[in-house]
Each structure stands twice: as structure tokens, then as C-alpha cells.
Amino acid sequence: MSFHSFQLHPQVAAGVSAAGYSTPTPIQTQAIPPVMAGRDVMGLAQTGTGKTAAFALPILNRLMDGPRGQVRALIIAPTRELAEQIHGAITSLGEQTRLRSLTVYGGVNINPQIQKLKRGAEIVVACPGRLLDHIRQGTIDLSRLEVLVLDEADQMFDMGFFPDIRRILGHLPAKLQTLLFSATMPAEIRKLSSEVLRDPLTVQVDRVSPATTVSHALYPVAPHLKTDLLLQLLEHTDTGSVLIFTRTKH
């Protein structure tokens with residue numbers, strides 16, 4: 001299979017070729033057709049599987065038709081680093097489209113972001129906290145939003161962003177195509193997906209595969225022997241620094 005089979009807009013296809021993409025990854029093969037068809041999609045995939053292009057290409061393709069200078073696609077990411085990575089991928093893939101993308105995140109002066117929003121953009125990649133700041137100040141108009149992407153949803157949950165996500169959702173149009181991507185599917189993510197996705201298609205790629213660079217071992221042991229076992233493991237394991245988790249992430 002090649003990217004030609006997706007029948008992307010010629011200017012989007014030109015960006016794919018310029019980026020050196022030839023064969024789509026499994027997550028792209030599974031996700032791009034239903035996203036292009038307008039379906040809500042829940043993608044379960046680890047980082048590094050190519051999921052950014054899996055939602056970026058259909059978004060670019062969709063935005064080739066319709067008005068310019070209005071925020072029509074919103075991608076929410078947990079960290080500024082990921083936001084910049086997504087923005088970079090969109091800028092690269094959409095180089096021939098003249099569609100504009102910008103990032104919105106905290107830890108930097110808000111005024112340059114306000115000026116960029118005033119100049120207009122079709123795609124905004126945002127972290128939750130700073131996006132809420134813009135919403136409260138009225139410096140971003142999301143009334144014409146068509147597509148919402150929640151990327152790395154499990155990481156956003158771990159970082160405590162879900163209250164912010166729910167506040168943001170209250171400011172968005174009721175009719176949206178929503179895409180949710182997560183490496184894992186804890187109960188909280190499943191609950192959120194049931195609230196924001198309409199008849200979603202689930203695509204899953206290597207979600208349960210452990211990292212190949214990490215060895216795993218399980219020691220069934222009575223609770224009162226855990227400490228003794230741990231001490232024995234530490235004494236007989238050739239290692240340097242050790243990180244021990246003693247409770248759940250909560």
C-alpha cells in the first residue's frame with residue numbers, strides 16, 4: 001500500500017512526497033481512511049508509530065476546501081515539546097497548502113500568540129492551560145471549529161489536565177469530528193471517549209507490546225515477604241541507580 005491510495009489533495013500529496021514518506025505505517029493505514037470519511041476515531045498506539053501524520057494528513061486534506069484564516073482544527077497535546085513536534089509535522093506536510101498552523105502553550109509570553117491568532121490560522125496546536133487562558137481572554141475564536149484531536153490522552157490524564165479538557169470542551173461547537181489518541185486505555189480515558197466520541201471506530205497498533213529495550217519479570221510473593229524479596233533482588237542484581245514504585249500513580 002502507498003500514500004497514493006488515500007487520494008489526497010495534490011498539494012497535500014506533494015507535502016507527503018517532499019517529506020520522503022512512501023509506505024504508510026499500520027496506524028496510518030487503519031486511521032487515515034475513516035478520518036477522511038469524517039468518522040470519529042479512537043487510536044490506540046505507542047509514540048513513534050506515525051500517528052501524527054495519521055491525523056495531520058486528513059486534517060490538511062479537509063481544510064483545503066472552505067474558508068481560510070479561521071481556526072477549523074484544534075489539536076490538544078500535553079506538553080509544549082509535543083505541541084511543537086506536531087506543529088512541525090503539520091508545517092512540513094502542509095508546505096504546499098498555504099494552510100497555517102500555530103502553537104499555544106504556557107511558560108512563554110502570551111502576547112506573541114495573541115498577535116499570531118489575530119493574523120489568522122486554520123490549525124492550532126495547544127496545551128490545555130494556555131488554551132483556557134486564550135478562551136477566557138477572548139483571544140481565540142473556536143466557533144467555526146470542525147475537527148478536534150486529543151493526542152496522548154493518557155499522558156494528559158496523568159498530568160492532571162482532565163478538568164481543563166472538560167472546561168475546553170464546554171466552549172467548543174456541539175458538532176465536531178473528534179479524534180482521540182492514547183497509548184493506553186485506563187477507565188478514565190474510556191469514560192472520556194464515551195462522552196466526546198460519536199460512534200467511533202477504534203484502531204489499535206501494538207498497544208500491548210512491551211518495550212523491546214526493557215526486560216520484565218514478575219515475582220508472585222506474599223505481602224509480608226515483599227521487602228525481603230526486594231532486598232535480595234537489590235543485593236544480587238548488577239545495577240546502578242534503582243527506582244522503586246511503592247504505590248499506584250495516584
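Rounding to the nearest 0.5 angstrom, the gap separating the OG1 atom in T103 from the CD atom in E84 is 4.0 Å. Note that CG of L142 and CZ of R72 are 14.0 Å apart. Values are rounded to the nearest 0.5 Å. The CG atom of L230 sits 11.0 Å away from atom OH of Y219, with the distance rounded to the nearest 0.5 Å. Note: E152 CD to D158 CG = 10.5 Å, rounded to the nearest 0.5 Å. Put simply, CZ on R190 and CE on M185 are 5.5 Å apart, with the number rounded to the nearest 0.5 Å. Between I123 atom CD1 and I86 atom CD1 the span is 11.5 Å, to the nearest 0.5 Å.
Although no hydrogens or angles enter the test, the distance criterion places a donor-acceptor pair under 3.5 Å between the side chain of T29 and the main chain of T25. At distances below 3.5 Å, at least one donor-acceptor pair connects side-chain atoms of S2 with backbone N or O atoms of H4. Without hydrogens or angle criteria, T139 side chain to I135 main chain gives no donor-acceptor distance under 3.5 Å. In this structure a side-chain-to-backbone donor-acceptor pair under 3.5 Å is missing from Q30 to I27. Without hydrogens or angle criteria, R39 side chain to D199 main chain gives a donor-acceptor distance under 3.5 Å. Proximity of a side-chain donor or acceptor of D154 to a complementary backbone N or O of S182 within less than 3.5 Å is not detected. Under a 3.5 Å cut-off, the side chain of D151 and the backbone N or O of I76 do not form any donor-acceptor pair. Q177 places a side-chain N or O within donor-acceptor distance of the main-chain N or O of V35, the cut-off being under 3.5 Å. Checked by atom type and distance alone, the side chain of D164 never pairs as donor or acceptor with a backbone atom of P128 at under 3.5 Å. Checked by atom type and distance alone, the side chain of T237 never pairs as donor or acceptor with a backbone atom of L234 at under 3.5 Å.
The minimum heavy-atom distance linking L176 with L145 is given by the pair CD2-O, 3.2 Å. The shortest heavy-atom contact between M36 and F6 is CE-O, 3.3 Å. Listed here is the closest heavy atom pair of L93 and V16: CD2-CA, 4.2 Å. Nearest heavy-atom pair across A53 and P58 is O-CD, 3.8 Å. Taking every heavy atom of both residues into account, Q96 and G15 meet most closely at CG-N, 4.3 Å. When every heavy atom of R68 is checked against every heavy atom of L63, the shortest pair comes out as NE-O, 3.9 Å.
Listed by chain and number, the residues in a ring-ring contact (aromatic ring centres under 6.0 Å, His included) with Y105 amount to none (sequence neighbours excluded).
With contacts defined as side-chain heavy-atom distances shorter than 4.5 Å, the pair R80/V108 qualifies. Using a 4.5 Å heavy-atom cutoff, the side chains of H134 and V104 are in contact. In this structure, L148 and L150 have side chains that are in contact, with non-hydrogen atoms separated by less than 4.5 Å. Proximity of E146 to Q70: side-chain heavy atoms (C-beta onward) are nowhere separated by under 4.5 Å. In this structure the side chain of I189 reaches within 4.5 angstrom of the side chain of L180, judged on heavy atoms. Inter-residue side-chain proximity for L44 and V205 is flagged as unmet; no heavy-atom pair is nearer than 4.5 Å. At least one side-chain heavy atom of R136 sits less than 4.5 Å from a side-chain heavy atom of D133. Contact annotation: the side chain of V41 never approaches that of P200 to less than 4.5 Å [non-hydrogen atoms, C-beta and beyond].
Taking hydrophobic clusters as Ile, Leu, Val, Met, Phe, Trp and Tyr residues chained together by side-chain heavy-atom distances below 4.5 Å, L233 shares a cluster with L225. Residues L192 and M159 are members of one and the same hydrophobic cluster, defined by side-chain heavy-atom contacts under 4.5 angstrom among Ile, Leu, Val, Met, Phe, Trp and Tyr. No chain of hydrophobic side-chain contacts below 4.5 Å, direct or via other Ile, Leu, Val, Met, Phe, Trp or Tyr residues, connects I110 to V125.
Shown here is H171, whose NE2 atom has more than 12 heavy atoms of other residues, nucleotides or ligands within 6.0 Å. No more than 12 heavy atoms of other residues, nucleotides or ligands shown are found within 6.0 angstrom of CD on E95. With a 6.0 Å radius and a threshold of 12 heavy atoms from other residues, nucleotides or ligands, Q232 has its CD atom above the threshold. In the displayed structure, R198 atom CZ is contacted under 6.0 Å by more than 12 heavy atoms of other residues, nucleotides or ligands.
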Give the C-alpha distance, both sets of side-chain angles, the deciding distance and a yes or no for side chain to side chain contact (heavy atoms under 4.5 Å, CB included) between I75 and L179.
-> CA-CA 9 Å; I75 302 161; L179 315 174; over 6 Å; no

Please assess L117 against L102 for the test side chain to side chain contact (heavy atoms under 4.5 Å, CB included), listing each intermediate value before the final yes or no.
-> CA-CA 8 Å; L117 287 166; L102 61 85; 3.9 Å; yes

Go through the steps to decide whether Q113 and R130 satisfy the test side chain to side chain contact (heavy atoms under 4.5 Å, CB included), and finish with yes or no.
-> CA-CA 10 Å; Q113 297 175 1; R130 178 53 63 88; 3.3 Å; yes

Given side chain to side chain contact (heavy atoms under 4.5 Å, CB included), test I114 with I140 step by step and report yes or no.
-> CA-CA 8 Å; I114 293 174; I140 188 169; over 6 Å; no

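A salt bridge does not link R62 to E122: none of the charged nitrogens lies less than 4.0 Å from a carboxylate oxygen. The pair E195-R166 counts as a salt bridge, with a side-chain nitrogen and a carboxylate oxygen less than 4.0 angstrom apart.
Judged purely by distance below 3.5 Å, without hydrogens or angles, the side chains of S101 and H87 pair a donor atom with an acceptor atom.
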